[in-house]
Amino acid sequence: MKCEWCEQEGAVEVKKDCTWIEPAGKATVVVEQVPAIDCSICQDIYITDELTEEVEEALNSVDLEELGEAFSYEELMNAPRLSIFDLYKKESEHKGHSRASGACKF
Ligand SMILES: [Zn+2]
């Protein structure tokens, strides 16, 4: 497949375990089996921006306490989303924290 960085056909999709650091520094979770891009030309493995956003959004809308500290990408995507009311509550609890996006580390 095509690499998003160098735009060469040297990339393959791999599954990587990824440590996700939440912006508030409150939680570090391990998301297993995240679809990542492994490019032989860039000699790097990375997660696309779209996927980063997708994971980020999911982490912000599921009950992380329910999932625990480690779960797979599949589990995260299939986890029930919190209701608007619960999210609002969660949001209020986090008031004062900046909402910069989290980051993934292999
Ligand atoms: Zn590349």
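Because only heavy atoms are used, hydrogens play no part in the values below, and waters and symmetry mates are left out as well, while side chains stay in. The model shown is predicted, which means the values in this text are computed figures rather than measured ones. In each ligand, atom 1 is the first atom listed, and ligand 1 is the first ligand listed. The first residue of the sequence shown is numbered 1, and numbering continues consecutively from there.
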Report the protein N/O/S neighbours of the Zn ion (ligand 1) that fall below 2.8 Å; do not count waters. Cys3 SG, Cys6 SG, Cys39 SG, Cys42 SG
Using 0.5 Å steps for rounding, measure from the SG atom of Cys18 to the CD1 atom of Ile47.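 Going from the SG atom of Cys18 to the CD1 atom of Ile47 covers 4.0 Å.
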Search all heavy atoms of Met1 against all heavy atoms of Glu9 and return the closest pair with its distance.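 Looking at all heavy atoms of both residues, the shortest contact is C-OE1, 3.4 Å.
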Any side-chain heavy-atom pair from Phe71 and Val31 closer than 4.5 angstrom? yes
Taking the side chain as every heavy atom from C-beta outward, state whether Leu51 and Tyr46 have any atom pair closer than 4.5 Å. no
Consider side chain to side chain donor-acceptor pair (under 3.5 Å). Of Glu54, Lys15, Gln33, Lys16, which one does Tyr73 pass it with? Glu54
Closer than 3.5 angstrom, by distance alone: can the side chain of Asp38 be matched with the main-chain N or O of Glu13 as a donor-acceptor pair? no
